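What follows is a single structure, written as structure tokens, with notes after it.
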Amino acid sequence: MNVSDTTSISSPLAGSFGTSRSSATAKTQAVSGGRAATEDSVSLSELGKSLRGESLAAFEALSDKQRSQLVSLVDSGKISGEEVHDALTQRLKQARSSAVAATARMFNNDHATLLRNDATSADDLRNALGSTLTQRSSLMDKLASAMSEGDLAATSDTLAARSLNPLLSADRSGMSRLVMPGFFGMDFTDSRLNYTRKEGDAAYKLKSLGVDFDGIDNALRGIGEKDAAAILAERAGLPSSRKVAKNSEFSLEDAVFKPLTAGSGQAAEPSFEGQADRLRAFFQNAISPGGGVQRVDIPPEFSTSALRAAAVGGAQANVDRDYVRGLLPRY
């Protein structure tokens, strides 16, 4: 299993959702077919043997009905157990990366003044991150206990943090540097967040078979938040007893998100046009993940409007945007 200590977590998101069932129990149920709609033990065994690591953690979080649907699809031959493994792995990675992105937006909105002050220290940013993670933990608790559709929608919107602090888009004329936290830097080799084309294709196939991705994504949201908090705490050097393991099957060559670099290792000119996109690519190559403060010198040729758009939009990767957009969760 890719997440250790799932029942006793001291990270900021501990207690957001109920304790998950054990890996052994989940796998036994998948193999035995105790709650499945089919008697074909061969197909059930295929699914049971295929579930591992992230896919098994995701399978544990699903409802009985969702599990039974996956078992039935494997039994029917419409999809293989390995494809279900890949698809569930992608959905869990997507839940984590979506939570990291939302945490970054909330952090930027709540602590915009720190990002405009060159005196900001690494401790300032770590303390601010701890505050943001605590806030998200509280919101996840609220989401789990919401009694009305209105409360669910409002809390979910707050967690998504899609509104923009005006200070983030304010005129930056005269500024020659940007202060950025390293723990939100893009790491294309992080197999816990970046998924492969094989995993994405399997997710699209599962979706085409009528599987309710909204239901699966909602079931995985709590795990995604906890894992995202643990990954960010790890990068920032904050204490956490939750450990999210790397995916040993990951291949950067097959990854959906790839860095904008040439074969020589030098930064390549992006294939897309526009100053804002070029500046995002500059940020990508200037900032590396970590817990420190990144003070990025702004190239003088970039206009204020491009800087404003890039600062809001963040770094970009060499990626098929339509492909990625089709796999984003809708919460």
Side-chain angles (χ1 to χ4, degrees), residues 12-13 16 94-117 120 124-173 175 178-186 193 214 217-218 220-222 224-229 231-233 235-236 274-277 279-280 283-284 287 294 296 304-317 321 324-331:
L13 289 178
S16 294
Q94 186 69 68
R96 292 170 182 160
S97 61
S98 295
V100 168
T103 302
R105 291 192 298 268
M106 181 176 287
F107 177 95
N108 291 341
N109 281 331
D110 292 349
H111 307 289
T113 55
L114 291 178
L115 306 182
R116 296 177 67 93
N117 184 356
T120 296
D124 291 333
L125 293 178
R126 274 192 288 269
N127 291 336
L129 176 63
S131 175
T132 297
L133 295 180
T134 298
Q135 181 182 1
R136 293 188 70 80
S137 174
S138 177
L139 287 167
M140 286 301 294
D141 287 341
K142 184 177 180 181
L143 187 70
S145 61
M147 299 299 292
S148 69
E149 289 296 324
D151 288 341
L152 281 170
T155 305
S156 186
D157 286 346
T158 302
L159 280 162
R162 292 191 178 92
S163 61
L164 179 68
N165 185 332
L167 190 59
L168 294 174
S169 60
D171 190 350
R172 294 172 183 258
S173 298
M175 294 181 64
L178 290 180
V179 175
M180 293 186 173
F183 37 78
F184 290 125
M186 297 185 76
L193 301 172
D214 288 346
D217 290 339
N218 283 326
L220 299 183
R221 189 172 189 176
E225 284 283 342
K226 291 178 182 180
D227 286 358
I231 291 169
L232 291 172
R235 290 180 174 184
Q275 259 197 344
D277 281 338
L279 188 52
R280 290 184 185 114
F283 285 156
Q284 171 198 293
I287 302 172
Q294 306 282 346
V296 182
T304 300
S305 60
L307 172 61
R308 188 161 55 238
V312 171
Q316 291 291 328
R321 300 185 186 187
V324 170
R325 191 177 296 114
L327 291 173
L328 292 176
R330 298 202 301 172
Y331 51 68

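None of the values given here were measured: they were computed from a predicted structure.
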*Pairs where residues 146-161 contributes a residue and the test side-chain hydrogen bond (donor to acceptor under 3.5 Å, both in side chains) is met, not counting sequence neighbours*: Ser148-Asp151, Ser156-Arg221
Listed partners of [X] passing side-chain hydrogen bond (donor to acceptor under 3.5 Å, both in side chains), at least two apart:
{"X": "Asn109", "answer": "none"}
{"X": "Asp124", "answer": "Ser121"}
{"X": "Asn127", "answer": "none"}

*asked:* Applying side-chain contact (heavy atoms from CB on, under 4.5 Å), can you list everything that pairs with Ala101, at least two apart in sequence or on another chain?
replied: Arg105
_Going by side-chain contact (heavy atoms from CB on, under 4.5 Å), name the residues that satisfy it together with Ala112, two or more places apart in sequence or in a different chain._
Asn165, Leu167, Leu168
*First locate atom CE of Met106, then atom NE2 of His111, and finally report the distance between them rounded to the nearest 0.5 Å.*
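It is 9.5 Å, given to the nearest 0.5 Å.
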*asked:* How long is the straight-line distance from CG of Leu133 back to CE of Met140, given to the nearest 0.5 Å?
replied: 12.5 Å
Nearest atoms (heavy-atom pairs only) where [X] meets [Y]:
{"X": "Ala99", "Y": "Ala228", "value": "CB-CB, 3.6 Å"}
{"X": "Ala160", "Y": "Ala102", "value": "O-CB, 4.0 Å"}
{"X": "Leu129", "Y": "Phe184", "value": "CD1-CZ, 4.1 Å"}
{"X": "Ala95", "Y": "Tyr331", "value": "CA-OH, 4.0 Å"}
{"X": "Arg96", "Y": "Leu193", "value": "CB-CD2, 3.6 Å"}
{"X": "Leu159", "Y": "Glu225", "value": "CD2-OE2, 4.4 Å"}

*Examine distances only and state if a side-chain atom of Arg330 and a backbone atom of Asp217 form a donor-acceptor pair shorter than 3.5 Å.*
no
*Residue pair Thr120 / Leu115, side-chain heavy-atom distance below 4.5 Å*: no
*Below 4.5 Å, heavy atoms only, C-beta onward: do Thr103 and Phe183 meet side chain to side chain?*
no
